[in-house]
Amino acid sequence: MKFDYDAQYFNPEQVLDCGQIFRFTPFKEGYLVISADKACYVYTEGNKTIVESDDSDYFYNYFDLARDYKEIVERAISHNVPLLTKSAQTFKGLRLLNQNKEEMIYSFIISQNNNIPRIKGIINRICAGLGERREFLGEEYYTFPSTSALSQAGVAFFKNAGCGYRDVFLDETSKRILTEGISHLENLNSAQLKKELLTYKGIGPKVADCIALFGFGKRDSFPVDTWIEKIYKEDFMGELTDRNKICDYFCNLFKEDAGYVQQYLFYGKRTLDKL
C-alpha cells in the first residue's frame, strides 16, 4: 500500500535528520523507516513524497500528515527571529513525528550524553537481540522489543549492547514499566508529564522533554541541549545559564508551537551553514 503527500511540506531527509528518530537507513531512492514493529519506505518523486508500507493508517499518523504545516511555518516566521525565519522557510518539509511512546522512553534514555551514530548502533543491537525478525521489501529488520523482553534481558545484556552506565537505567525503567504500564502518563498535561517522567531512572529534564515531544505529542515541550544553549546566547542574546530556565523562556515565548520552533532552530543552526 502506498500514499503520497505534497513534498514541499514533507521532506524525508529533513524529517529524519533532525534528531527525533534513530531507526532509519538509506534505502533505494529514499529511506527505510522502522517504528515499533512496523516498517515503511519513504521517498520523494517529483513534487510528491511517497510512503509505501503494510499499514498506511499507522504511517499517515506517524508522519503527522493530518496537520497543516503551512500554518505552523507561517507562525514561526511571524516571530521575526532571523535564524527561525530562515530555517522555517528553508526546511518547510520538516515534520514532527508521532512515535511509539515506550520506544521513545527507552531510546531517549540511551540518547543521553551520546552521539547519534552510537545511539543508532545501540538500539539496533538491542532490537536484534530482543526483537522479532521481520522482512519488508526484501529487507530484514527487527521490531523494537516489548517491555517484557527488555525487563527480562538483564543489566549484562544492555552493557554488552554498548549502553555503558545506561544499562542500569534501562533495566530498572523497563521493570517499572512492566509493573505499572504507561497508560497513567497519557492524559497528563506537559508539565505533569515531565514531572512524572523525571521520576524514572535515567530520565533528566532534556530527555523528559524529548520523550514528551516526540513520543507523547506534547508540542509545547522544548528540549534544551548544548545546541539550544548556543542558539539562546547567539540568536536570542540570552543571559540565563540554567537549562531549566532557558526551557521555560522558550516555552513561554513560543507556547503551543514550542516543539516545532525547537526543531526549526536546532536543525537550522546545525545545517544552514552547510548549504
Side-chain angles (χ1 to χ4, degrees), residues 16-25 31-39 62 97-136 139-186 193-216 218 221 223-227 243:
L16 301 174
D17 194 38
C18 62
Q20 62 179 320
I21 175 179
F22 306 112
R23 302 185 70 207
F24 68 94
T25 54
Y31 301 89
L32 182 70
V33 178
I34 305 167
S35 174
D37 60 349
K38 305 178 190 299
Y62 179 82
L97 300 172
N98 294 310
Q99 300 189 69
N100 179 273
K101 297 176 177 65
E102 289 190 14
E103 182 172 345
M104 288 300 94
I105 291 173
Y106 301 123
S107 295
F108 278 97
I109 287 176
I110 292 166
S111 79
Q112 63 170 284
N113 300 317
N114 218 340
N115 61 66
I116 288 178
R118 189 161 181 267
I119 296 164
K120 293 177 74 169
I122 292 169
I123 293 173
N124 286 340
R125 287 189 289 275
I126 289 174
C127 292
L130 300 175
E132 296 179 12
R133 183 186 175 281
R134 300 276 176 89
E135 191 173 289
F136 176 73
E139 293 294 303
E140 177 185 87
Y141 74 94
Y142 289 88
T143 64
F144 196 88
S146 66
T147 285
S148 176
L150 290 165
S151 69
Q152 296 173 37
V155 174
F157 171 82
F158 295 119
K159 185 173 290 295
N160 290 335
C163 297
Y165 66 87
R166 306 164 196 82
D167 54 3
V168 175
F169 300 156
L170 291 167
D171 182 64
E172 293 192 21
T173 294
S174 61
K175 284 180 167 62
R176 176 176 170 182
I177 291 176
L178 183 69
T179 301
E180 299 177 358
I182 61 168
S183 60
H184 62 290
L185 301 175
E186 295 183 2
L193 176 61
K194 183 174 182 177
K195 183 179 179 181
E196 186 64 22
L197 287 171
L198 289 172
T199 67
Y200 288 77
K201 279 283 188 181
I203 298 181
K206 184 253 183 176
V207 168
D209 282 322
C210 287
I211 294 167
L213 179 58
F214 305 132
F216 287 82
K218 302 300 184 183
S221 298
V224 176
D225 66 353
T226 53
W227 279 99
R243 283 191 178 184

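None of these values were measured; they are calculated from a predicted model. In what follows, residues are counted from 1 in the order of the sequence shown.
- A 4.5 Å side-chain heavy-atom check between D37 and E132 finds every atom pair outside the cut-off.
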Kindly determine whether F144 and I123 satisfy side chain to side chain contact (heavy atoms under 4.5 Å, CB included), including the steps that lead there.
CA-CA 8 Å; F144 196 88; I123 293 173; 4.1 Å; yes

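- Between I119 atom CD1 and Q112 atom CD the span is 10.0 Å, to the nearest 0.5 Å.
- Contact detail for L197 and A212: the closest heavy-atom pair is CD1-N, 4.4 Å.
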Check against side chain to side chain contact (heavy atoms under 4.5 Å, CB included), V168 and K201:
CA-CA 8 Å; V168 175; K201 279 283 188 181; 5.7 Å; no

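- Here C210 contributes atom SG and F108 contributes atom CZ; the two are 4.5 Å apart, rounded to the nearest 0.5 Å.
- Note that CD1 of I105 and OG1 of T173 are 8.5 Å apart. Values are rounded to the nearest 0.5 Å.
- Checked against side chain to side chain donor-acceptor pair (under 3.5 Å), T199 has the following partners two or more places apart in sequence or in another chain: R176.
- Checked against side chain to side chain donor-acceptor pair (under 3.5 Å), N100 has no partners two or more places apart in sequence or in another chain.
- The side-chain heavy atoms of L150 and L170, taken from C-beta on, include no pair separated by under 4.5 Å.
- In terms of heavy atoms, S111 sits closest to F22 at CB-CZ, 4.1 Å.
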For K194 and K218, run side chain to side chain contact (heavy atoms under 4.5 Å, CB included): C-alpha distance rounded to whole Å, both residues' side-chain angles, the deciding distance at 0.1 Å, then the answer.
CA-CA 10 Å; K194 183 174 182 177; K218 302 300 184 183; over 6 Å; no

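- No donor-acceptor distance shorter than 3.5 angstrom exists from the side chain of R166 to the backbone of G202, with no hydrogens or angles considered.
- Remark: L213 CG to M104 CE distance equals 11.0 Å, nearest 0.5 Å.
- For K175 (side chain) and S151 (main-chain N/O), a donor-acceptor pair under 3.5 Å exists by modelled atom type.
- Nearest heavy-atom pair across G162 and I122 is O-CD1, 3.2 Å.
- From I126, atom CD1 reaches atom CZ of F158 across 5.5 Å, with rounding to the nearest 0.5 Å.
- Y200 and Y106 have their aromatic ring centers separated by at least 6.0 angstrom.
- One finds the CG atom of L130 at 9.5 Å from the OG1 atom of T143 (value rounded to the nearest 0.5 Å).
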Go through the steps for I21 and Y62 under the test side chain to side chain contact (heavy atoms under 4.5 Å, CB included), then give the verdict.
CA-CA 11 Å; I21 175 179; Y62 179 82; 3.0 Å; yes

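- The ring pair (Phe, Tyr, Trp, His ring centres under 6.0 Å) test applied to Y141 returns no partner, not counting sequence neighbours.
- Nearest heavy-atom pair, D171 versus S174, reported as atom, atom and distance to 0.1 Å: O-OG, 3.0 Å.
- Looking at heavy atoms from C-beta onward, Q99 lies out of side-chain contact with S107 at the 4.5 angstrom threshold.
- For E140, the side chain to side chain donor-acceptor pair (under 3.5 Å) partners at least two apart in sequence or on another chain are R133.
- Residue pairs meeting the side chain to side chain donor-acceptor pair (under 3.5 Å) criterion with at least one member in residues 116-131, sequence neighbours excluded, are N114-R118.
- By the side chain to side chain donor-acceptor pair (under 3.5 Å) test, R243 is found to be paired with E229, residues two or more places apart in sequence or in another chain being considered.
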